[in-house]
Amino acid sequence: MLIVQTIAALRQHLAAFHRPAFVPTMGNLHEGHLALVQRACVLGDVTVASLFVNRLQFLPHEDFDTYPRTPQEDYEALEREGCDVVFAPAEAELYPVPQTYKVHPPAALADILEGHFRPGFFVGVSTVLLKLFGIVRPAVAVFGDKDYQQLLVVRQLVAQFALPIDVVGHPTVRSKDGLALSSRNRYLDAAERVEAVQLSQTLRTMAQALRDGAQDVPSLETQATQAMQARGWSVDYLCIRRSADLQEPTPQDLATPIAADRLIVLGAARLGRTRLIDNLLVGELGGCAEAP
Ligand code: PAF
């Protein structure tokens, strides 16, 4: 496996390939990331992963400085998965001058949910991805369904800029108890780790209620929020949305169980100092990849 730090070295190496498959990451890899790499390995003629903690997508009070950075472990894990090339640029390589040109995704998608609670987050994500796409020039890029809103933002970015990239979403990988894998899970202490499963369980309860014909979305959201708050969580949102565009469902979207299958339940909540996010497509109740 080749590890490169510069754009020039990466381009030179990739010139020999026709169909790079790309997995952008911020490192501190877990089984969820590695599942994306495995998927990429069967989609392209060379698999490229990037490791870059992107300052642009962190708010000033967020954990940019303390975000876990574990490059050696990441390289070993990527090599074991069969990754061919790792692009691990220094900040000065990707941002040699202040990044004054930025991508502002549409507010209707990017200023809600995560974008509401983390203003500018999707500007940072879209900007670094447009840049990484220009550097790697992948034919296919693989993203986790866990960051569902990010996946929709990336799909629209690629569509509206007519980038020749297939964006592939991969199912969320979960621990045996249902907790979605995340680099931030390592912030949880032992008691919080046990409690953390409540987020996915709450999403599941909400999704099941929709499947069973419940149509009062505000009361489902309020009940779920109050139940989580009573357990000590600080809830940013527990929401039912349309999976296609993350807008609030109309009465027609809720009219039948088949229509409800096109909904998604999304949550973000803080347990102690750890902010967790997760989501569940109502139509995929019961289906999820499990970490070994
Ligand atoms: O999902 C992530 O890890 C990041 O948002 C990404 C896509 C690597 C951009 O920095």
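Just so it is clear, the structure is predicted and the values come from calculations on it, not from any experiment. Ligands are counted one by one from 1 in listed order, and the atoms in each one are counted from 1 as well.
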Heavy atoms, side chains only, cut-off 4.5 Å: are Arg275 and Glu62 in contact?
-> no

Note the single closest protein heavy atom to atom 5 (O) of ligand 1, along with its residue, its atom name and the distance in Å.
-> Gln150 OE1, 2.7 Å

Between Asp63 and Arg273, is there a salt bridge with N-O shorter than 4.0 Å?
-> no

Using the ring of Phe64 (Phe, Tyr or Trp, six-membered ring only), decide whether Arg69 places NZ or CZ under 6.0 Å from its centre and within 45 degrees of its axis.
-> yes

Proximal atoms of ligand 1 relative to Val128 (non-hydrogen, under 4.0 Å) = 9 (C), 10 (O)

Protein heavy atom at shortest distance from atom 10 (O) of ligand 1 | Gln57 OE1, 2.7 Å

CA sep, side-chain torsions, deciding dist, call: Asn54, Tyr95, side-chain hydrogen bond (donor to acceptor under 3.5 Å, both in side chains) = CA-CA 10 Å; Asn54 174 37; Tyr95 298 129; 2.6 Å; yes

If you scan protein heavy atoms around atom 3 (O) of ligand 1, the nearest is Met26 CG, 3.7 Å

